[in-house]
Colleague: 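Mind having a look at this structure? Questions to follow.
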Amino acid sequence: MPRSNVNPGIILAALSFAAAKHRDQRRKDREASPYVNHLIEVSNLLWTIGRVRDENVLTAAILHDTIEDTATTPQEIENAFGKVVLNYVVEVTDDKSLPKPVRKQLQIEHAPHKSPGAKQIKLADKCSNLHDITHSPPFDWSPERKREYFAWAKAVVDGLRGENPALESHFDHLYEAGMKSLSDAE
Ligand code: NDP
Ligand code: ZN
């Protein structure tokens with residue numbers, strides 16, 4: 001097991017910050033689960049399966065949707081968690097001024113050029129989303145839409161490979177299992 005220098009106080013501060021920022025947001029599943037569940041899941045995947053022990057990466061994973069999905073400013077993140085964490089969060093944030101299909105295409109094109117930390121956060125994020133689409137999907141998605149998401153997520157992840165083989169195999173397993181359950185349901 002890699003040596004851990006992770007300060008639990010920073011992780012708890014990030015959880016507290018993210019829980020407050022996302023407090024009015026829900027996931028898209030039928031039960032409208034609290035959004036923060038996804039942030040906990042992404043950081044937990046990095047810790048347990050990815051064996052990531054880099055405090056900045058784990059902190060940024062918890063904060064990964066704050067700039068994209070809430071009113072959080074980059075300055076707030078820098079003030080509370082520092083520039084390294086901010087840079088990771090910015091790296092995994094889409095430019096919301098662009099149309100959705102362009103943003104999705106840019107994720108595929110930009111993936112290979114991300115830093116190792118950002119690649120691992122994106123990989124864990126896609127793992128969490130494939131798991132959710134298989135077990136607690138957006139309530140109004142057709143099987144076709146789920147397949148489209150799977151194909152797109154795989155195209156992004158193929159550009160992230162080489163940093164964390166354990167998380168990559170976990171993604172491949174979720175991909176196979178999710179596609180199988182879609183076929184079995186037909
Ligand atoms: P969205 O981006 O609208 O939704 C997926 C995102 O929602 C995930 O990446 C995840 O993002 C978040 N999310 C919240 N709850 C869940 C959950 N329970 N399970 C999984 N993810 C969840 O969808 P698309 O990626 O499909 O993007 C929209 C695109 O789809 C457009 O380009 C549009 O053209 C197309 N479209 C396709 C349709 C079809 O039937 N094929 C119909 C309508 C649009 P995060 O990690 O950030 O939380
Ligand atoms: Zn996410």
Side-chain angles (χ1 to χ4, degrees), residues 11 14-15 17-50 52 57-72 77 85-86 88-111 114 117-160 164 167 170-171 173-175 177-179 181-182 185-186:
I11 301 301
L15 284 170
F17 184 97
K21 291 295 187 181
H22 291 279
R23 68 185 176 279
D24 296 325
Q25 263 185 294
R26 297 288 178 272
R27 297 291 280 171
K28 297 173 180 171
D29 56 301
R30 196 167 296 285
E31 293 78 24
S33 309
Y35 199 86
V36 73
N37 291 9
H38 166 66
L39 311 170
I40 295 168
E41 180 60 15
V42 169
S43 49
N44 191 45
L45 283 168
L46 286 165
W47 180 271
T48 53
I49 294 179
V52 172
V57 173
L58 294 164
T59 304
I62 294 167
L63 303 173
H64 80 269
D65 281 327
T66 50
I67 294 181
E68 193 168 301
D69 293 340
T70 77
T72 307
I77 294 187
V85 169
L86 171 64
Y88 283 136
V89 176
V90 168
E91 270 196 272
V92 301
T93 297
D94 279 359
D95 179 350
K96 276 205 158 168
S97 69
L98 299 171
K100 189 80 189 233
V102 175
R103 281 155 55 188
K104 294 191 74 107
Q105 180 57 31
L106 287 178
Q107 280 207 33
I108 296 172
E109 290 172 19
H110 291 166
K114 299 285 175 196
K119 281 183 176 170
Q120 293 177 86
I121 296 168
K122 288 190 72 70
L123 186 50
D125 189 30
K126 294 294 183 277
C127 286
S128 170
N129 287 337
L130 286 206
H131 179 275
D132 284 356
I133 288 168
T134 304
H135 298 284
S136 49
F139 68 93
D140 56 350
W141 281 24
S142 65
E144 189 46 41
R145 182 147 184 197
K146 292 178 189 173
R147 278 200 186 86
E148 273 176 31
Y149 190 96
F150 268 61
W152 168 74
K154 186 172 183 318
V156 176
V157 165
D158 283 345
L160 302 170
N164 195 316
L167 268 180
H170 186 61
F171 176 89
H173 169 76
L174 292 168
Y175 180 91
M179 290 296 268
S181 80
L182 279 168
E186 275 176 357

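Order of listing sets the numbers, starting from 1, for every ligand and every atom in it. Numbers for residues simply follow the sequence, beginning at 1.
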Colleague: Is it true that a side-chain atom of Glu68 and a backbone atom of Asp94 form a donor plus acceptor pair closer than 3.5 Å?
Modeller: yes
Colleague: Under 3.5 Å, is there a donor-acceptor pair between the side chain of Lys114 and the main chain of Val92?
Modeller: no
Colleague: Is the distance between the ring centroids of His170 and His131 under 6.0 Å?
Modeller: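 Ring centroids of His131 and His170 are no less than 6.0 Å from each other.
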Colleague: At the 4.0 Å heavy-atom cut-off, does Trp141 count as touching ligand 1?
Modeller: yes
Colleague: Which residue owns the protein heavy atom closest to atom 18 (N) of ligand 1, what's the atom, and how far is it?
Modeller: Ser136 O, 3.0 Å
Colleague: May I ask you to list the atoms of ligand 1 that are less than 4.0 angstrom from any heavy atom of Asp125?
Modeller: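 Those atoms are 46 (O).
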Colleague: Given side chains that start at C-beta, do those of His64 and Lys122 come closer than 4.5 Å, heavy atoms only?
Modeller: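 Of all side-chain heavy-atom pairs linking Lys122 with His64, none is under 4.5 Å.
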Colleague: Is the shortest heavy-atom distance from the side chain of Asp132 to the side chain of Asp29 under 4.5 Å?
Modeller: no
Colleague: We want to know whether His38 and Asp125 form a side-chain donor-acceptor pair, criterion being a heavy-atom distance below 3.5 angstrom.
Modeller: yes
Colleague: For ligand 1, is there an N or O atom under 3.5 Å from any N or O atom of Glu148?
Modeller: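 So ligand 1 has an N or O lying under 3.5 Å from an N or O of Glu148.
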Colleague: Taking the minimum heavy-atom distance to atom 14 (C) of ligand 1, which of Lys122, Lys104, Arg27 ranks first?
Modeller: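 Ranked by closest heavy atom to atom 14 (C) of ligand 1, first place is Arg27.
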Colleague: Tell me: protein heavy atom nearest atom 30 (O) of ligand 1, and distance?
Modeller: Arg145 NH2, 3.6 Å
Colleague: Between Thr70 (side chain) and Thr66 (backbone), is there a donor-acceptor pair under 3.5 Å?
Modeller: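 Looks like yes, one N/O pair under 3.5 Å.
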Colleague: If you count the atoms of ligand 1 from 1 in the order shown, which ones are under 4.0 Å from a heavy atom of Asp65?
Modeller: 45 (P), 46 (O), 47 (O), 48 (O)
Colleague: Please state which protein non-hydrogen atom is closest to atom 20 (C) of ligand 1 and give its distance, to 0.1 Å?
Modeller: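 For atom 20 (C) of ligand 1, the nearest protein heavy atom comes out as Ile133 CG1, 3.4 Å.
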Colleague: Check the Zn ion (ligand 2) and write out every protein N, O or S atom at under 2.8 Å, as residue and atom.
Modeller: His38 NE2, His64 NE2, Asp65 OD2, Asp125 OD1
Colleague: Could a heavy atom of His38 be found less than 4.0 Å from some atom of ligand 1?
Modeller: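 Heavy atoms of His38 do come under 4.0 Å of ligand 1.
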Colleague: Under the side-chain contact (heavy atoms from CB on, under 4.5 Å) criterion, do Ile77 and Thr72 qualify, and how do the steps go?
Modeller: CA-CA 8 Å; Ile77 294 187; Thr72 307; 3.7 Å; yes
Colleague: What atoms in ligand 1 come closer than 4.0 Å to a heavy atom of Pro138?
Modeller: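 Every atom of ligand 1 under 4.0 Å from some heavy atom of Pro138: 17 (C), 18 (N), 19 (N).
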Colleague: Any donor and acceptor pair, going by atom type alone, linking the side chain of Arg23 with main-chain N or O of Ala20 inside 3.5 Å?
Modeller: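 It does hold such a pair.
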Colleague: Cationic tip of Arg27 within the cone over Tyr35's six-membered ring, i.e. under 6.0 Å and within 45° of the normal?
Modeller: yes
Colleague: Nearest non-hydrogen contact with atom 9 (O) of ligand 1 belongs to which option: Tyr149, Trp152, Tyr35?
Modeller: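 Comparing heavy atoms across Tyr149, Trp152, Tyr35, the nearest one to atom 9 (O) of ligand 1 lies in Tyr149.
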Colleague: Mind checking whether Pro137 and Lys146 have side chains closer than 4.5 Å, heavy atoms only?
Modeller: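 The answer is yes; the side chains approach within 4.5 Å.
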Colleague: What verdict does the side-chain contact (heavy atoms from CB on, under 4.5 Å) test give for Tyr149 and Leu130, after you've listed the backbone C-alpha separation in whole Å, the side-chain angles of each residue and the deciding distance to 0.1 Å?
Modeller: CA-CA 8 Å; Tyr149 190 96; Leu130 286 206; 4.1 Å; yes
Colleague: So which heavy atom in the protein is nearest atom 2 (O) of ligand 1, and how far is it from that ligand atom?
Modeller: Lys100 NZ, 2.3 Å
Colleague: Just need the protein heavy atom nearest to atom 11 (O) of ligand 1, so name the residue and atom and give the distance.
Modeller: Asn129 ND2, 3.7 Å
Colleague: Please indicate whether any nitrogen or oxygen in Lys28 is less than 3.5 Å from any nitrogen or oxygen in ligand 1.
Modeller: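 Looking only at distances, the answer is yes, because the N/O contact criterion of under 3.5 Å is met.
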Colleague: If you have a sec, work out which protein heavy atom is nearest atom 34 (O) of ligand 1 and how many Å separate them, to one decimal?
Modeller: Pro101 CG, 4.6 Å
Colleague: Report the C-alpha separation of Lys154 and Phe171 in whole Å, then their side-chain angles, then the decisive distance to 0.1 Å, and conclude whether the side-chain contact (heavy atoms from CB on, under 4.5 Å) test is met.
Modeller: CA-CA 9 Å; Lys154 186 172 183 318; Phe171 176 89; 4.3 Å; yes
